[in-house]
Protein chains: 2
Amino acid sequence: MDRQRTDKNGETSAQGRPTLKTLAFMTGLGVTTVSRALKDAPEIGAETRRRVQLVAKQIGYRPNRAGVRLRTGRTNVISLVLNTDREIMSFVSDIIYGVSEVLAETPYHLIVTPYSRSQDPMEPIRYLVETGSADGVIISRTQPNDPRARYMLEHGMPFATHGRTDMGLVHPYHDFDNHVFAMEAVRRLASMGRHKLALLSPPPGLTYYGHTLNGFADALSEVGASEIPFNTVSIDHTIEQIRTRTAQVMRRENRPDGFVSSAAAATLAIVAGIEDAGLKLGRDVDVVSKQSSDLLHLFRPELLVVNENFRLAGSDLARSVLGWIGGAAPGSLQRLVATSEVRAFSPPVSV
Amino acid sequence: MDRQRTDKNGETSAQGRPTLKTLAFMTGLGVTTVSRALKDAPEIGAETRRRVQLVAKQIGYRPNRAGVRLRTGRTNVISLVLNTDREIMSFVSDIIYGVSEVLAETPYHLIVTPYSRSQDPMEPIRYLVETGSADGVIISRTQPNDPRARYMLEHGMPFATHGRTDMGLVHPYHDFDNHVFAMEAVRRLASMGRHKLALLSPPPGLTYYGHTLNGFADALSEVGASEIPFNTVSIDHTIEQIRTRTAQVMRRENRPDGFVSSAAAATLAIVAGIEDAGLKLGRDVDVVSKQSSDLLHLFRPELLVVNENFRLAGSDLARSVLGWIGGAAPGSLQRLVATSEVRAFSPPVSV
DNA sequence: TCAATATACTGAAACGTTACAGATTGCCAT
DNA sequence: ATGGCAATCTGTAACGTTTCAGTATATTGA
């Protein structure tokens, strides 16, 4: 009764997307020829090529991803591997936006592969490599000796890291120069007469923890300032933990007169702790903080800030992975972004 | 010279993941039997079924996604469609985390499909539907008459919206009750003696703009307060725009003594504007704001807050889409979350 | 003129999966 | 014995793509 599609796609095929077979039928060519014509293969006549491409555009042909993937193993997917409970908020969306921005111009899709606190960070990586679910991977929370990077290198999976490793292995990365950040922060505080400084560091274990610590220490000795230990908390701790810890240290006799903070949210907690102790920002103590969006100056104009652009990081990481997939040398896809200068609040123009 | 793989997978297959063929060879069964055994088909003997599943687990068999997708059309992908330049930061990451949390327990992958200001919001939707790149879609920035929802409904693509529509069409959604939020906010301000209120609304066009406005208006008349127009800005405007606009209105003779703000970042700008005008929060004016993380009280303890849980929204939306894909009635997958009460700052326990 | 060669195209096979339409076996009722 | 039937299992084809190994046809060199 039902005489829908008489031949195997091509002629009638009332519904469904066009395939190579459809194009082959329409142009009167073979499927093989169409396939090659679409990718500008040299052994296809110039006119045929143009004709095929024209028809393809006309009817809106899009290669079937599953077909390509099954045949070639290429997935046209980049995976962003994220810790679902530790990553700081704005951080993540900015990176995603940056990555998306780059991938939008390509056939690549972005998949987000999460892992939670309870899991081994290696698990998602192993999954991606073993199942071949992505052509490239972006990871963050990079460690000096990062088993994920080593594993992917061993298994030939292109990737890029947010932050450097320190294993003598070469791979693409994007990193913010936290050494310089910490140095500039200390110098600035010193120039304001602050010489007893505390550092709210990144979580120990991550590569940029070391960079930050070293920069902090180097600048301390350079300007002749001293450190007030504040290493029982890091920016991975909760707002409450940082706040109470700050209040404690500010109530001590030998309290810091300056803070360097590696994250904006943590800075809110530091300031709250300072004020809990009855002290005043700008008078008793100054704070230099990194931030990823311009909100800290709204919070307290006395804060000193350094901006880190995560959206840039995202697009950079995406470009690096694509570059590696495309055959570029991984060593040529490394970027260390310079720290912008420490900024004080400048009041809005029209008041 | 090179005698790597003697037969077509199965026996030797030195490298590569196991496939159904591998399993078939190992168990001595046919590929078809193995396939059915793995999905608990009734026409497979109980013992065979157990045996196949055991071997599959042993060698870590994972179905090839491309194979399944090509054959069945099922992609095992959920797409989250995001505006890349308008969405507020923390918002997005929380939703992604919530979605991930749910999808992690399933074979589904999460792909992020971006669109930017310059593009038609319909474009990514059309792409997803036409190319069949996802089994389900999650959208935000929902409008009362939302062409995306209508289109997906027409084309049989399961989806869930963050926020409701108002077209008489039934589909899954997750929404925060912004009507109640606005009412409670106004009531709270009124109870503090604030009777000249301004509303920083969501962007006009989105459904919850209307909900918020109505709630605001309803409560105004209930408590006998009046509105100070503040509708030249919305939470989609920049921090600077909101700030200067707030400062302007606060300098007028008939200035508001209370604000209701639909977003935390915008609230920072409102407070800054208030202070630019030389006025003081808690004395001259009070502000009730929504927030998605507990940061506003650090900013100014005088602020009154209502929490909206975007992570919950994400997991709820994911569950809804999966439910629809799984055959549940879309009408049964709608959730309106109650507004939690307006909270004032309560100082930390140990000081 | 004939073979050699380049040019432009093509069919068949394969990637891994599932659906369809059998095939084989044993068992029971007749 | 024979047909019928349920219980298990199996081969083939197809999804859309690319690659391999060709096949025609025209062009060249001697």
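The structure displayed is predicted, hence computed values, not measured ones. Chain A is the first sequence line, chain B the second, and so forth, proteins listed ahead of strands; every chain is numbered from 1.
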Comparing nearest nucleotides in DNA chain D, the 5'-proximal residue of the pair B/Val31, A/Gly67 is B/Val31
Hey, which of these two, B/Arg71 or B/Ile44, hits DNA chain D nearer its 5' end, going by closest nucleotide?
-> B/Ile44
Please give, in whole Å, the distance from [N] [atom2] to [X] [atom1]?
X       : N      : atom1 : atom2 : value
B/Arg62 : C/dC15 : CZ    : P     : 22 Å
B/Arg74 : C/dG16 : CZ    : C1'   : 14 Å
A/Arg17 : D/dT17 : CZ    : P     : 7 Å
A/Leu23 : D/dT17 : CG    : P     : 9 Å

No-H, no-angle donor-acceptor pair, A/Thr33 side chain to C/dA8 base, under 3.5 Å | no
Using only heavy-atom distances, decide whether a donor-acceptor pair under 3.5 angstrom links the side-chain of B/Thr48 to the base of D/dT8.
-> no
For B/Tyr108 and B/Ile78, work out which heavy atoms get closest and say how close.
-> CD2-CG1, 3.8 Å
Rounded to the nearest 0.5 Å, how far does CG of A/Leu29 lie from OG1 of A/Thr48?
-> 6.0 Å
Upstream residue (5' side of DNA chain C) when B/Ala66 and A/Val34 are each assigned their closest nucleotide | A/Val34
Would you say a side-chain N or O of A/Lys21 is under 4.0 Å from OP1 or OP2 of D/dG16?
-> no
Side-chain N or O of B/Thr32 less than 4.0 angstrom from OP1 or OP2 on D/dG11?
-> no
What is the ring orientation for A/His162 with A/Phe91, classed by angle as parallel under 30°, tilted 30 to 60°, or perpendicular over 60°?
-> parallel
For residues A/Thr75 and A/Asp135, is any side-chain donor paired with an opposing acceptor at under 3.5 Å?
-> yes
